[in-house]
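Just so it is clear, the structure is predicted and the values come from calculations on it, not from any experiment.
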Amino acid sequence: MIVYVVGNYKDYNTGRGGHYYSLSQMLNGIKKFKSGMVVSVGHEKPQALKFVDDSYHVHSNDPSCDVSKKIEKILIGKKVDLIHAYDYNSSITASILAERLNVPFLLTKCGGKPPRFYHPSYRNIVLFHEADKDIFNLRLFRPKRIEVIPNRVSKVSYDKERALSIFGRKGRYTFFKIGRIGKAYESSIRQAIVLVSMLNEIGFECQLFTIGYVENDNILSSIKSFSEARSGFFSFFTDERETRNAADLLGYCDAAIATGRGAMEAISAGKIVLFPCQDSTTPCILVPETLDLALRENFSERVVVPKNKMKYTDAEEIVKKISSSAFSGDNKFFTASIFEELFSIERGAIRLNDYYDSIIGNEINRYACVTPLGRLMQRFFVFVIGLVKRVRR
């Protein structure tokens, strides 16, 4: 059995981020090969995992606390083959659990910025994008084995009845921006607003629907004021009925301005996709020429578009493409091919299962960290996390 451990600590997590949904879908994919279960650790069970079979929760308010003994009680009578932590907040508990059970340990560093100062480094690690791989390869005590397996999604379905009840009958061209409304995604929402405003100013009538759980009310107010000062049509959908499984609403829109997992779900739906980028006030359209840029940074605001490709962020160039029926047809073929090759949960589960098979029963040294010094650093790291959390209270 594969036991996944994930954290959900107040002030650090919302329980609604993309990696929770990735975990729930990866669990279903892996179950075609092995049995599996999820244990979340934190102040409450993540919203994204509340309806997932074979999922348990262990209460803890402090990421520096070792609650591995509590998880061990849940596992009594179960044959555990490997412990897989799905974020760094859970890594210390999960790695100690792996040592207690004498089984291999694996950490997934989900998306987000490359670590500025420190990030737990274990013998076996999975990353979502190449930029992180470059960072870990530069470390003095780097992981023994690094695999880049991009965030994976299931092909989304379209809940037309629900979409129409929320949005009403569609008139003008519609962009979606799905994602949590908070500091992490404020920049990408503003880029979406600027693009839609510019398109309306040059005569392409369109609207933007921003759909997401509100992490910060002040940021929502600021974004609304930002949109009200611009040309175009902007609407915000933030209640539970509108944000729950928002990917099921993608069939309603014509194009999606998206980051990370959201971009991959839009790709699975065959939508025209734009992703945020640095050094631009508008997002970049996804075409074969920009795919490598998006993949390297997991479709995030960290994408740097070189000068020779900046035309793909230009409003006039974008409107030429999205208003072309030929481009729309080519895009459906393009998105279908890259979804199957890069993002489908089925292929991702096969790759991850192969990784599991390569270390289960073959690891001579069971301890999780790269070196004994690494183990000491891990514990110091979570001690600092706990100290910061107490100061914040």
Problem set entry | Ionic contact status for D254 with K170, cut-off 4.0 Å | yes
Exercise. Counting only N and O atoms by type, is there a donor-acceptor contact under 3.5 Å from the side chain of K271 to the main-chain atoms of C253?
Worked result: yes
For this session: Would you check if the distance from the ring center of F175 to the ring center of Y173 is below 6.0 Å?
Result: yes
For this session: Apply salt bridge (charged side-chain N to carboxylate O under 4.0 Å, His left out) to the pair K31 and D54, showing each step before the final yes or no.
Result: CA-CA 11 Å; K31 282 184 176 180; D54 298 315; 2.5 Å; yes
For this session: Check whether any side-chain heavy atom of Q25 lies under 4.5 Å from a side-chain heavy atom of V153, and answer yes or no.
Result: yes
For this session: Please report the shortest heavy-atom distance between P283 and I318, naming the atom on each side.
Result: O-CD1, 3.8 Å
Exercise. Are the side chain of H129 and the backbone of I149 linked by a donor-acceptor contact shorter than 3.5 Å?
Worked result: no
Exercise. Under the side chain to side chain donor-acceptor pair (under 3.5 Å) criterion, do S90 and D87 qualify, and how do the steps go?
Worked result: CA-CA 6 Å; S90 65; D87 57 9; 2.8 Å; yes
Exercise. Do the numbers put R145 on top of the ring of Y355, so that NZ or CZ is under 6.0 Å from the six-membered ring centre and no more than 45° off the axis?
Worked result: yes
Exercise. Once the angle between the rings of F299 and F275 is folded into 0 to 90°, is it parallel (under 30°), tilted (30 to 60°) or perpendicular (over 60°)?
Worked result: perpendicular
Problem set entry | Point-to-point distance, once rounded to the nearest 0.5 Å, from OG of S328 to CD1 of I272 | 4.0 Å
Problem set entry | Heavy-atom check, side chain of I285 versus side chain of T290, under 4.5 Å | no
Problem set entry | Closest heavy-atom pair and its distance - R180, I189 | O-CD1, 4.5 Å
For this session: May I ask you to decide whether R296 forms a salt bridge with D134, counting only side-chain N to carboxylate O separations under 4.0 Å?
Result: yes
Problem set entry | S280 side-chain N/O to C277 backbone N/O, donor-acceptor pair under 3.5 Å | no
Exercise. L293 versus K309: any side-chain heavy-atom pair under 4.5 Å?
Worked result: yes
For this session: Could you tell me the separation between the NZ atom of K321 and the CG atom of N331, rounded to the nearest 0.5 Å?
Result: 10.0 Å
Problem set entry | Common cluster, Y21/F343, ILVMFWY with side-chain heavy-atom separation under 4.5 Å | no
Exercise. Are the side chains of V39 and Y4 in touch, meaning some heavy atoms are under 4.5 Å apart?
Worked result: no
For this session: Inspect the contact between R351 and E147 and indicate whether a charged nitrogen and a carboxylate oxygen are less than 4.0 angstrom apart.
Result: yes
Exercise. Under a 4.0 Å N-O cut-off, is there an ion pair linking E228 with K224?
Worked result: no
For this session: Answer whether the closest heavy-atom distance between the side chains of M37 and I74 falls below 4.5 Å.
Result: yes
Problem set entry | Straight-line distance of L199 CG to S323 OG, nearest 0.5 Å | 9.5 Å
Problem set entry | Heavy-atom side-chain proximity of F209 to L249 below 4.5 angstrom | no
Problem set entry | Close side-chain approach of L75 to V3, heavy-atom, < 4.5 Å | yes
Problem set entry | Side chain to side chain, V303 and D279, heavy atoms closer than 4.5 Å | no
Exercise. Should we say atom NZ of K155 is surrounded by more than 12 heavy atoms from elsewhere, each under 6.0 Å from it?
Worked result: yes
For this session: Answer yes or no: does atom NZ of K183 have more than 12 heavy-atom neighbours from other residues, nucleotides or ligands under 6.0 Å?
Result: no
Problem set entry | N-O pairing of K320 and E316 below 4.0 Å | no
Exercise. Could you state the interatomic distance from CD1 (I211) to OG1 (T243), rounded to the nearest 0.5 Å?
Worked result: 9.5 Å
Exercise. Does the S197 side chain pair with the main chain of I193, one donor and one acceptor, at a distance under 3.5 Å?
Worked result: no
Exercise. Between D330 and K332, does at least one N-O distance fall below 4.0 Å, as a salt bridge requires?
Worked result: no
Exercise. Step by step, would you call E301 with S187 a side chain to side chain donor-acceptor pair (under 3.5 Å)?
Worked result: CA-CA 7 Å; E301 294 92 339; S187 173; 5.5 Å; no
Exercise. Would you find a donor on one side and an acceptor on the other, under 3.5 Å apart, between the side chain of N124 and the backbone of F105?
Worked result: yes
For this session: Verify, without hydrogens or angle tests, whether N200 (side chain) and C206 (backbone) share a donor-acceptor contact under 3.5 angstrom.
Result: yes
Problem set entry | Side-chain ion pair, D357 and K34, N-O less than 4.0 Å | yes
Exercise. Between N89 and G7, which heavy-atom pair has the shortest distance, and what is it?
Worked result: CB-CA, 4.5 Å
For this session: Could you tell me whether E240 atom CD has more than 12 heavy atoms of other residues or ligands within 6.0 Å of it?
Result: yes
Exercise. Once the angle between the rings of Y86 and H84 is folded into 0 to 90°, is it parallel (under 30°), tilted (30 to 60°) or perpendicular (over 60°)?
Worked result: tilted
For this session: Decide whether a cation-pi geometry holds between R230 and F226; the criteria are a distance under 6.0 Å from NZ or CZ to the six-membered ring centre and an angle within 45° of the ring axis.
Result: yes
For this session: Go through the steps for K311 and E317 under the test salt bridge (charged side-chain N to carboxylate O under 4.0 Å, His left out), then give the verdict.
Result: CA-CA 7 Å; K311 68 177 183 178; E317 177 69 18; 5.3 Å; no
